Amino acid sequence: MNIIELQDYKILLGEDIWTELAYLLEQRQYSRVLLLVDENTGRDCLPLFRANINLTAHVIEIPAGEQHKNIKTCQGIWQAMMDYETDRRSLLINLGGGVVGDMGGFCAATFKRGIDFIQFPTTLLAQVDASIGGKLGIDFNGIKNSVGLFSNPEAVFIYPPFLDTLPYRELRSGFAEIIKHALILDEKYWQTIQKADRLSPHGLTHLIQSSLHIKQHVVEEDPFEKNLRKVLNFGHTIGHAVESYALQTDTPLLHGEAIAVGMICEAWLSHKTFVLKQSELKAITDFILKIYGKPQLNPKSFEQLIALMRQDKKNEDAKINFTLLKSIGNAIVNQTCGADSILDSLAYYQGLEG
Ligand SMILES: NC(=O)c1ccc[n+]([C@@H]2O[C@H](COP(=O)([O-])OP(=O)(O)OC[C@H]3O[C@@H](n4cnc5c(N)ncnc54)[C@H](O)[C@@H]3O)[C@@H](O)[C@H]2O)c1
Ligand SMILES: [Zn+2]
């Protein structure tokens, strides 16, 4: 088992985490334990969870998907907590992807001014990204993560076999954050991930561990996203816009698929406006295309993509803010680019052979 110690809590990773969970539960003597799942993790992960630990827990099941990450679902969760007579000495275990983790954490952190919660991430995205850093929240009026807070779990338990039932597209989507971690902070790690030819859950454990170390480093240096933490935005300025736009079409993209496009465009911007070498731009482009193929963008959408970027909460004034790469493994935050360069970067993507 690998243990990563953060200031306030531990992340435990491996197939042998269960004794640690049993120990934690034994020590804390919670008055009640509640388990939050969505319909998919209730079907695919809960039986595996139960097979590994003997625990009396009330299960709360919510519908799956980002469209349910809202106040209405929270009301259902809080109601279930009331029905089960949850008190301040109770525990909520969030067994699921980033939606269950963000929303379950939010409900726990606000119920009776806060009860303990544990993150049990079951998607690759949640294992390497969403489950650490303490950001919790829900979408409001269609705006992602616009209501929430920072609050840390009691622990994060990462059990890689949960990934066995995760659909391949979801697995590949989470892998985009792993690519991002390598590109922004760790050139050696970049070399390692390029050897991962076909993504399979079994080959991923050591990559999850490296990514966790990178995210740990970043969030501990900058817990409230004042500066360094912005390195995690690489690929996300253009990627978020591509994701939002695609959501309104009949070919929506998963988060990581859109971020993959964003990373190619922002690598181009890094090369054009900065010092990223042509050879590194090519290496990044080739690797991402090999894994994700090339989702088509409609050139007619480009102006709308720029408008979406301007709305992005990261932007002060009208300028569009980026995290760019000086070289692979070396990111620089707070770079601004004009609309013309951004359009050129989209044209670069468009011109690639995919
Ligand atoms: N808090 C943060 O710092 C942070 C960081 C990144 C993303 N997020 C949030 O995370 C969310 C996205 O997370 P996600 O990609 O995990 O989405 P998700 O929770 O919707 O999970 C994706 C799909 O996989 C299913 N699933 C989950 N685990 C499974 C398993 N083991 N087997 C079979 N099916 C499984 C889910 O039911 C869902 O249908 C977004 O809401 C995003 O805002 C938060
Ligand atoms: Zn992301």
Side-chain angles (χ1 to χ4, degrees), residues 36-49 61-70 73 94-106 109 117 119-140 143-153 156 158-181 183-184 201 204 211-212 215-216 218-219 223-225 229 231-240 242-244 247 252-263 266 323:
L36 182 68
V37 295
D38 70 20
E39 56 200 294
N40 297 323
T41 63
R43 183 193 61 229
D44 293 335
C45 305
L46 188 56
L48 199 53
F49 182 92
E61 186 177 299
I62 57 173
E66 182 75 27
Q67 70 275 26
H68 298 289
K69 190 182 170 185
N70 57 29
T73 311
N94 297 316
L95 181 67
V99 169
V100 165
D102 279 15
M103 184 161 48
F106 174 72
F117 63 99
Q119 299 297 41
F120 239 102
T122 60
T123 63
L124 183 58
L125 181 106
Q127 292 183 348
V128 299
D129 190 2
S131 65
I132 47 171
K135 282 194 198 176
L136 307 171
I138 53 169
D139 306 336
F140 182 64
I143 303 173
K144 273 193 77 170
N145 300 324
S146 45
V147 174
L149 72 160
F150 284 94
S151 178
N152 285 322
V156 180
I158 300 179
Y159 184 59
F162 282 137
L163 297 179
D164 288 345
T165 51
L166 190 67
Y168 177 71
R169 255 186 96 183
E170 295 286 352
L171 190 75
R172 188 178 68 165
S173 172
F175 190 67
E177 305 294 344
I178 290 183
I179 298 176
K180 180 191 77 179
H181 288 149
L183 289 176
I184 57 175
L204 284 170
S211 267
L212 286 172
K215 182 138 189 201
Q216 170 205 19
V218 172
V219 300
F224 300 111
E225 204 164 48
R229 195 160 170 169
V231 293
L232 297 170
N233 292 337
F234 175 66
H236 281 62
T237 305
I238 294 180
H240 270 155
V242 169
E243 183 182 12
S244 306
L247 272 181
L253 294 175
L254 295 180
H255 177 72
E257 295 169 336
I259 297 311
V261 176
M263 287 193 287
E266 295 183 21
T323 294

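Any value given below was found using the heavy atoms of this structure, including those in side chains, with hydrogens, waters and symmetry copies removed. Both counts, for ligands and for their atoms, begin at 1 and track the order of listing. Here the structure is a predicted model, which is why all the values come from computation and not from measurement.
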Side chain or backbone of Val99 under 4.0 Å from ligand 1, or both, or neither, by non-hydrogen atoms? both

Among Leu136, Thr123, Val128, the residue with a heavy atom nearest to atom 27 (C) of ligand 1 is Thr123

Leu125 backbone acceptor or donor facing Glu177 side chain under 3.5 Å: no

At a 4.0 Å threshold, what atoms of ligand 1 neighbour a non-hydrogen atom of Asp38? 36 (C), 37 (O)

Which residue and heavy atom of the protein sit nearest atom 17 (O) of ligand 1, plus the separation: Gly98 N, 4.0 Å

Can you report which non-hydrogen protein atom sits closest to atom 29 (C) of ligand 1, along with the distance? Leu166 CD1, 3.6 Å

Just heavy atoms, cut-off under 4.0 Å: does Glu66 contact ligand 1 by side chain, backbone, both, or neither? side chain

In terms of atom number and element, which parts of ligand 1 are under 4.0 angstrom from non-hydrogen atoms of Glu170? 22 (C), 23 (C)

Just go through Asn40, Asp139, Ile138 and tell me whose heavy atom is the nearest to atom 34 (N) of ligand 1. Asn40

Does Lys144 approach ligand 1 within less than 4.0 angstrom via side chain, backbone, both or neither, non-hydrogen atoms only? side chain

Numbering the atoms of ligand 1 from 1, which are under 4.0 Å from a heavy atom of Thr165? 30 (C), 31 (N), 32 (N), 33 (C)

Phe175 side chain near Ile179 side chain, heavy-atom distance below 4.5 Å: yes

Are any of the N or O atoms of Phe162 closer than 3.5 Å to those of ligand 1? yes

Exercise: do His68 and Thr73 side chains pair donor with acceptor under 3.5 Å: no

What residue and heavy atom of the protein are closest to atom 12 (C) of ligand 1, and at what distance? Leu125 CD2, 3.5 Å

Of the backbone atoms (N, CA, C, O) and the side-chain heavy atoms from C-beta on, which set of Ala130 has a member under 4.0 Å from an atom of ligand 1: side chain, backbone, both, or neither? both

According to salt bridge (charged side-chain N to carboxylate O under 4.0 Å, His left out), who are the partners of Glu170, at least two apart in sequence or on a separate chain? none

I need the atoms of ligand 1 closer than 4.0 Å to a non-hydrogen atom of Asp129, numbered in the order shown. 5 (C), 6 (C)

Quick one: list whatever passes salt bridge (charged side-chain N to carboxylate O under 4.0 Å, His left out) with Glu225, sequence neighbours left out. Lys135

Is there a donor-acceptor pair closer than 3.5 Å between any side-chain N or O of Ser131 and the backbone N or O of Ala126? yes

For ligand 1, which is the ligand I care about here, please tell me if Thr122 has any N or O atom under 3.5 Å from one of the ligand's N or O atoms. yes

Which of the atoms of ligand 1 are close to Asn145, meaning less than 4.0 Å from one of its heavy atoms? 43 (O)

Which label fits His255 and His240: parallel for a plane angle under 30°, tilted from 30 to 60°, or perpendicular past 60°? tilted

Any nitrogen or oxygen of Lys135, side chain or backbone, less than 3.5 Å from one on ligand 1? yes

Backbone N/O of Pro223 and side chain of Arg229: donor-acceptor pair under 3.5 Å: yes

Is there any N or O on Cys45 that sits under 3.5 Å from an N or O of ligand 1? no

Suppose we screen for salt bridge (charged side-chain N to carboxylate O under 4.0 Å, His left out). Which residues come up paired with Asp38, at least two apart in sequence or across chains? none

Within the 2.8 Å cut-off the protein N, O or S neighbours of the Zn ion (ligand 2) are Glu177 OE2, His236 NE2, His255 NE2

Side chain Gln127, main chain Pro160, donor-acceptor under 3.5 Å: no

Taking the minimum heavy-atom distance to atom 42 (C) of ligand 1, which of Lys69, Arg169, His255 ranks first? Lys69

